[in-house]
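Take a look at the structure set out below.
In this text, all values refer to a predicted model and were calculated from it rather than measured experimentally.
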Amino acid sequence: MFDTARFNMVEAQIRTSHVTDPRIHAAMGAVARELFVPRAARALAYADVPVAVAPGRYLLDPRSFAKLLQLAAIQADDRVLDVACGTGYSAAVLARLAAEVVALEQDADLVRVASELLANAVGKVEVVQGGLIEGVRGQAPFNVIFVNGAIEQVPDTLLGQLAEGGRLVTMMRLEGQCRAWLFLKENGQIGRRPDFDADVPLLAGFRKAMGFVF
């Protein structure tokens, strides 16, 4: 049942949303998303909606997740910081696309669950506990920083951990509108551009007073 649902997710939600990278299709088609959601919510694992995994915490809906992956343009030799990895689904997919993933989570219970679920993940992935907004300075810089959830502003702490040519992707909610943004570090400067719209739940841990002011 879940194998069919996973196939249909890729065909009906991912391909039809202008996600053209076959590596993303393969990665999302290989990772068993149902294992990363609570048992009571497994019927929703492949639905086109965010799925709650803890109070105030969600797996992004497949469409938004896949489009953010494509926006990040992840290369096989990239080091990725996966911010708010939750139960580890995003890290499991990212590990199939990149050389190394550092999965950051602040909730101790989620860290434990993610560590268990990622123990046999394909690729190199390490789960780290810490404040989401702080990133992981000790392992920076990163080629890609992937933020799971909508935020109101991007903190300088994360942008400061990008390598030259690095990309940060996230959903930002500004004036009631939720839109994907790509931040790119070039010549030591951070540029940014908006991309697609999506309704993604706000991510706890990021405060409006911190970071960039738009």
Side-chain angles (χ1 to χ4, degrees), residues 5-6 9-10 12-19 21 24 27-28 31 33-34 36-38 41-74 80-94 97 101 103-107 110 113-114 131-133 135 144-155 157-159 167-184 192-212 214:
R6 195 175 311 119
M9 173 191 71
V10 173
Q13 298 181 47
I14 308 308
R15 292 184 186 273
T16 59
S17 297
H18 308 292
V19 176
D21 187 343
I24 296 175
M28 293 187 67
V31 176
R33 185 175 165 96
E34 71 275 7
F36 295 87
V37 302
R42 286 188 175 177
L44 296 174
Y46 295 98
D48 192 19
V49 295
V51 181
V53 295
R57 299 298 296 280
Y58 300 82
L59 262 63
L60 296 179
D61 65 275
R63 171 188 177 272
S64 298
F65 179 65
K67 289 179 76 66
L68 280 174
L69 289 176
Q70 181 156 281
L71 187 61
I74 299 166
V80 179
L81 175 61
D82 184 27
V83 178
C85 71
T87 54
Y89 173 75
S90 54
V93 175
L94 286 162
L97 302 173
V101 177
L104 176 63
E105 183 49 64
Q106 64 186 15
D107 182 272
L110 288 175
V113 171
L132 304 181
I133 201 167
V144 173
I145 298 178
F146 189 97
V147 182
N148 287 279
I151 62 179
E152 294 178 327
Q153 289 183 332
V154 174
T157 48
L158 291 182
L159 292 175
R167 292 86 65 201
L168 183 150
V169 293
T170 186
M171 302 298 301
M172 294 190 68
R173 188 168 293 178
L174 301 171
E175 299 178 352
Q177 183 177 30
C178 193
R179 177 171 291 174
W181 283 80
L182 169 67
F183 293 80
L184 175 63
R192 61 182 185 267
R193 68 172 174 85
D195 204 87
F196 64 94
D197 294 337
D199 186 15
V200 172
L202 280 170
L203 177 64
F206 289 82
R207 297 182 179 179
K208 205 167 192 177
M210 299 185 71
F212 269 62
F214 286 81

Heavy atoms of Val101 and Ala91 approach each other most closely as CG1-CB, 4.2 Å
Do NZ/NE/NH1/NH2 and the carboxylate oxygens of Lys67 and Asp21 come within less than 4.0 Å?
-> no
Side chain to side chain contact (heavy atoms under 4.5 Å, CB included) partners of Ala114, counting only residues at least two apart = Cys85, Leu118, Val127
What one should report as the nearest heavy-atom pair of Val93 and Ala27 is CG1-CB, 3.9 Å
Could you pull out the closest heavy-atom pair between Leu110 and Asp107, with the gap in Å?
-> N-OD1, 2.9 Å
side-chain contact (heavy atoms from CB on, under 4.5 Å) between Leu182 and Asp195, worked out = CA-CA 7 Å; Leu182 169 67; Asp195 204 87; over 6 Å; no
How far apart are the closest heavy atoms of Gly135 and Leu81, and which atoms are they?
-> CA-CD2, 4.1 Å
Contact summary for Leu71 and Ala180, nearest pair of heavy atoms | CD2-CB, 4.2 Å
Going by heavy atoms in the side chains, are Leu94 and Leu69 under 4.5 Å from each other?
-> yes
Please examine the side chains of His18 and Phe196, heavy atoms only from C-beta on, and report whether any two atoms are closer than 4.5 Å.
-> no
Without placing hydrogens or testing angles, list every side-chain donor-acceptor pair under 3.5 Å for residues 42-55, not counting sequence neighbours.
{"residue": "Arg42", "atom": "NE", "partner": "Glu34", "partner atom": "O", "Å": "3.0"}
{"residue": "Tyr46", "atom": "OH", "partner": "Arg6", "partner atom": "NE", "Å": "2.8"}
{"residue": "Tyr46", "atom": "OH", "partner": "Arg6", "partner atom": "NH2", "Å": "3.3"}
{"residue": "Tyr46", "atom": "OH", "partner": "Arg33", "partner atom": "N", "Å": "3.0"}
{"residue": "Tyr46", "atom": "OH", "partner": "Glu34", "partner atom": "OE1", "Å": "2.4"}

Value for OG (Ser64) from CG (Asp199), rounded to nearest 0.5 Å, stands at 8.5 Å
Do the side chain of Glu152 and the main chain of Arg173 share a donor and acceptor less than 3.5 angstrom apart?
-> no
Taking all atoms of both residues into account, what is the closest heavy-atom pair of Ala150 and Val200, and its distance?
-> CB-O, 3.4 Å
Would you give the length of the straight line joining atom CE of Met172 to atom CZ of Arg192, rounded to the nearest 0.5 angstrom?
-> 8.5 Å
Which value, rounded to the nearest 0.5 Å, describes the distance between Phe183 atom CZ and Thr170 atom OG1?
-> 7.5 Å
Is Thr87 reaching over with its side chain to a backbone N or O of Val37, donor-acceptor style, under 3.5 angstrom?
-> no
Non-hydrogen side-chain atoms of Leu174 and Arg179 separated by less than 4.5 Å | no
Below 4.5 Å, heavy atoms only, C-beta onward: do Arg57 and Glu105 meet side chain to side chain?
-> yes
Determine the sole option in Leu104, Asn148, Leu158 for which the side-chain contact (heavy atoms from CB on, under 4.5 Å) test with Leu132 is passed.
-> Leu104
With Arg63 via salt bridge (Lys or Arg N to Asp or Glu O under 4.0 Å) - residues at least two apart = none
Check for a donor-acceptor pair, side chain of Gln13 on one end and backbone N or O of Asp61 on the other, with a separation under 3.5 Å.
-> no
According to the interplanar angle, ranging from 0 to 90°, do the rings of Tyr89 and Phe36 count as parallel (below 30°), tilted (30 to 60°) or perpendicular (above 60°)?
-> perpendicular
